[in-house]
Amino acid sequence: MTKLQRISTLAYVKNSITLYIDSDFAASTVYTKMFLTLQSQASAAGIALKKIALSSHCDDQPSMLVACQNTEHAEQLIKRFNLNIQQVFWLQEHPQLTTQTQLPKNHWFIDWSNEQALLPILSLLARNNDIYSTQQHSEQKFNLLTECLGELVVTLSAEGKITELNLALSAVLGDSSASAIGKDLLSCIKIPSDMAKNRLQNILSDLEPTGAITRLPPFPIQLENTVIIVDGFVGSLRHQDNILIMRQVGTWQRQKWEEQQTAHNQPVTLLLINPVDFAKFNQQHGGKLADQVLDEIMLSLTNLLRTADFVSRYSGVVFAAHLPETNEKHGQVLAARVRQMLVNKSFTQKKLKLNFSFGIATLDAEEQLEEQSPLKLFRRANTALQAARSIGGDKLVAWEPQFDANIIANLDHIRGKFSDVPRDDFRLLSLQWDLIRLIGTTHSLQVFSKQICQMLTAGMQCEYAGLYLVKNQALILSSCSTSKQNMDVESVQNWVSTNIQLASLNNLRGKPLKPFAESCQAIIVPLFTRNQCLGMILLRWPLSEQKNAEKYSTQLQQVSPNLAAAIDRIVLLENDQRKTVIAQSSMGDQHELLFESAAMRTVMQEVQLVAPTDASVLITGESGTGKELIARQIHNYSSLRVKPFITVDCSTIVENLIESELFGHRKGAFTGATNDQPGLIAQADGGTLFLDEIGELPLDIQSKLLRFVQEKTYVAVGDQRVRKVDVRLVLATNRNLLDEVAMGRFRSDLYYRINGFTVNLPPLHQRGDDALLLCRHFLAKFSQQYKKEIIDFTPAAINILQGYSWPGNIRELQNAIMRAVILCERKLIDSPHLDLQEQGYIKASAAHLLSSEHEVFTDETKVNIAQFSDISILLSQLVAIALQQTRLFPASAWLELRWLTVCLVKWGSLYQVALQLDQSESTLRRRFAKLNGLDLSLSQLDELAIECDIILGQLLTGNTNTLLWSKIEMTLHQIVIKKEISQQKKAQLLNVTQPTLRKILQQVLIS
């Protein structure tokens, strides 16, 4: 039974009362007579009577009818079952012996033998019970409803004032929730979008107390540091109150949200074009001429529209023009041009004329946040196209909201369908929509290639998608994606190298190939732009799916021109950026500033903010992360860029010469000082002084440096004169200076003086795909330096490079690639050329050699074997602690709650968790609520919980985590099953029933 079905079956019995009894007293003869008398009186009044034994759970009843022996017995029951605050009517064996003064307030003894006194009490209890049951029923129904629909709930009065917030929404709003009661909703939640705010205001103003529920479109709520995206439902309650039930579907960092809004705050328009009565044209002129006309229409549209626009033809005769960053007004201008061009055009050598119907629709930027936005846009444009057809064709119609009221379904089965297979049209539409978004948001060829392959694998339902680009007259794998576990990517690469020649790509355009290694079907679609071949896309399916290969080949050809144009733009952009960065860099042998990761973008934003100021900057980070390069960037972005940039590596200067090197010395100041010598500080006058590894300075030099930092003055060794300079200070360290201060190795006053603005450089293993970007950069650099024609890495080598943790950071990477280039005598660097000694390499290279015990982990998840070993040890500790408890602890429930909590922290909302784990959202919400309702607090597990969250967070990486929990859960099952304890205890530990335990036993035995 689903949760919504359970809601509809909730019920309670009206006009009923309960007699509570002590189990010891229930066996007495007097009690039996008492119950029969009560039952007779209640029945005559139309009241149902039932009896229940007193228990510790009865203290939540507002009014009670309780049977007892005497006053002393009543006092015992009050203490035993905590009945002090309830309204209690006592029925004792002998009512005439009652002493009222000994009972708490609101407690009375009733003469159960007096019918005139008893009947009003029974009626009062029945009415109170009805009120209480109604309230409990409403709360139970409300709780089930909110668990099913969303976690954030707010109740509004008829005037729109907040009357109640649930705990989840109060936690989200933080301090502002305390003063929210009685205020307008829109004054308490900040919606950073006028359009979304107006839309919500209109929905709330249209509510009527009818009990109907209205779906809320997605809208943003701005918090202190984040922006959350919510959707949900709004409806009416009793007394004209309204309730909003919202679910969180996404989370953005506030800065990223604002950047996205600034960069992509543009609508998108879809124009549909359909030749009028083309079936008759086909019958009259024949299929060959009809196909020629369709090709000419496509070519005309492509030539007329902009480069960024997508033009497609579906499997029918409907053409679609996707117009990104185009509002309704501009879209209609473009559509009018298209209409004028097509109406005036003569097709083929026979100079044939055609009439066309046009439908156009636009989605605003925020409407694109909705899950079904591609189909929503398609439905609107298709509705407009139907309207154009219905008035005789040869018209351009724009969608209007009232159109939806006249359309029975999304597609008119007579006139509205695109083709005989609308599902394929939808898939192509969604693919084009995703491509538009990807092209608009991605400026890295590496990231773009990876996402394109993933998109094609899912959209084309193939087992392999590979993007190959032309480099040095050879086809090099840029990225690939697989839907099949243990796919041998190396064999695919070898097959491409053997069977596909660059010169023959044009002849392979859209043609299915011969069976791939006698086991699968493949297609190749070349990518051409500006009369130049950029590369190709290779897709493959099992041999039995030849129809899919042919069908998707046509669809892929529809998007390949736009895909090629996007790749061409990204390549040109990257080349321009690389030239700019290299031109600005004067680092000699050190690495250029190349990055794509969000972590480094944040660093560069900080650099650009602080560089124009005169503030001192402290750069922290591990050795080899590029601290000196960042210091140079600060200098280059400042007004001092034409002034000196002086570097001092404090770790390489002999201790007794540091003072002289920094501050300079006078002639005769010490033995060997034969001349006056200006120090490095004097050389930096007017420019920037970069002190690298500042933590290595001796304490006595630190005190002199403090004076220089504070006053920009210094005294040379052997001199008495105080000199003043104008120097911008940038400092760097690979140490934790706070720890150094605590240990007495670094002056606290100097630390707080230089720590005004800190830039933290992330280690290379935290920079995503930047490592591979740098590897390819140094490959090109050293190949040119050593006069070799090495063009890329093999897939096996890429797996190793991406899996390695780079403890030496960029410096280690540069040396590793230089060594590999020297060793390599081929066009591709392979794994034997890479000499990476750290354990991370062993883990990465062994990922495909995991035993059957670890088969669920693919390269996509990048699960670390050592980390999984850690979770096994942790689960053993969990079971051991659980077995020590007097009440056996449900270890499985505790672990699952930790797992879901870590997932929630990572992805921000249960909606996103359900998407990432490929689970039913309502089932996940119900499970999460149930686990939170269990008593899983255990002080012995507090430290273990912290460790567990860390390990789960490390395991929870990549884009595919659907199998991870089942593996973790199976590990727990194996540990419990091996314990020499009873089956009952095993079931309690795993929080399952005995039949379920038997199934688990079978699974463990099989595995």
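Computation of the quantities below employed the complete heavy-atom set of this structure, encompassing side-chain atoms and omitting hydrogens, waters and symmetry-equivalent molecules.
Atoms CD1 and CD1, from Ile452 and Ile567 in turn, are 7.0 Å apart once rounded to the nearest 0.5 Å. Note: Met536 CE to Leu534 CG = 13.5 Å, rounded to the nearest 0.5 Å. Interatomic distance, Met600 CE to Leu764 CG, rounded to the nearest 0.5 Å: 10.0 Å. Between Glu947 atom CD and Ile871 atom CD1 the span is 8.0 Å, to the nearest 0.5 Å. One distance of note links CD1 of Ile968 with CG of Leu952; it measures 5.0 Å at 0.5 Å rounding. Rounded to the nearest 0.5 Å, atoms CG (Leu469) and CD1 (Ile476) are 9.5 Å apart.
Using a 4.0 Å cut-off between charged side-chain N and carboxylate O, Glu693 and Arg735 make no salt bridge. Salt bridge status for Asp792 with Arg776: present, with a side-chain N to carboxylate O gap under 4.0 Å.
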Apply side chain to side chain contact (heavy atoms under 4.5 Å, CB included) to Arg811 and Ser623, showing your working.
-> CA-CA 8 Å; Arg811 189 177 294 121; Ser623 295; 4.1 Å; yes
Do Tyr468 and Leu538 pass the side chain to side chain contact (heavy atoms under 4.5 Å, CB included) test, and can you show the C-alpha distance, the side-chain angles, and the key distance before you say yes or no?
-> CA-CA 8 Å; Tyr468 296 79; Leu538 169 66; 4.0 Å; yes
Side chain to side chain contact (heavy atoms under 4.5 Å, CB included) between Glu463 and Trp541, intermediate numbers included | CA-CA 6 Å; Glu463 65 181 18; Trp541 295 263; 5.6 Å; no
Are Leu477 and Phe793 close enough, and set up right, to give a side chain to side chain contact (heavy atoms under 4.5 Å, CB included), and what steps lead you there?
-> CA-CA 9 Å; Leu477 179 64; Phe793 303 92; over 6 Å; no
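The closest side-chain heavy-atom distance from Ser783 to Glu789 is not below 4.5 Å. Residues Met818 and Phe778 are not in side-chain contact: their nearest non-hydrogen atoms beyond the backbone lie 4.5 Å or more apart. Residues Pro762 and Val603 have side chains in contact (heavy-atom distance under 4.5 Å, counting atoms from C-beta outward). You'll find the side chain of Cys480 stays beyond 4.5 Å of the side chain of Val492, heavy atoms only. A heavy-atom distance below 4.5 Å is not found between the side chains of Leu456 and Tyr464. Considering only heavy atoms from C-beta on, Ile537 stays 4.5 Å or farther from Ile524 through its side chain. Between Met604 and Tyr637 there is a side-chain heavy-atom pair separated by less than 4.5 Å.
Scanning all heavy atoms of the two residues, the minimum distance from Cys903 to Val913 falls at O-CG2, 3.5 Å. Taking every heavy atom of both residues into account, Leu475 and Gly535 meet most closely at CD2-CA, 4.1 Å. Closest approach of Arg540 and Cys462 over heavy atoms only: O-CB, 3.3 Å. When all heavy atoms of Leu594 and Arg767 are compared, the closest pair comes out as O-NH2, 3.3 Å. Closest approach of Lys627 and Glu622 over heavy atoms only: NZ-O, 3.1 Å. Ser872 and Thr971 get closest at one heavy-atom pair: OG-CG2, 3.6 Å.
The aromatic rings of Tyr804 and Trp806 stand perpendicular to each other, their planes meeting at an angle above 60°, with 30° marking the opposite boundary.
By the side chain to side chain contact (heavy atoms under 4.5 Å, CB included) test, Thr794 pairs with Glu490, Ala796, Ala797, Leu828, Asp830, sequence neighbours left out. Remark: Glu606 engages Thr602, Phe757, Val759 in a side chain to side chain contact (heavy atoms under 4.5 Å, CB included) (not counting sequence neighbours). A search for side chain to side chain contact (heavy atoms under 4.5 Å, CB included) contacts involving Ala820 returns Ile829, His833, Leu834, not counting sequence neighbours.
Judged by distance alone, with hydrogens and angles left aside, the side-chain atoms of Asn734 form no donor-acceptor pair with the main-chain N or O of Gly621 at under 3.5 Å. Under the 3.5 Å distance criterion, the side-chain polar atoms of Asp568 are left unmatched by any main-chain donor or acceptor of Ala564. Counting only distance, with no hydrogens or angles, the side chain of Asn760 and the backbone of Thr620 share no donor-acceptor pair below 3.5 Å. Between the Lys788 side chain and the Ile822 main chain, a donor and an acceptor come within less than 3.5 Å of each other.
More than 12 heavy atoms of other shown residues, nucleotides or ligands fall within 6.0 angstrom of atom CD in Gln785. Crowding of Lys827 atom NZ: a count of heavy atoms from other residues, nucleotides or ligands under 6.0 Å not exceeding 12.
Residues Ser449 and Ser478 have side chains that bring a donor and an acceptor to within less than 3.5 angstrom of each other.
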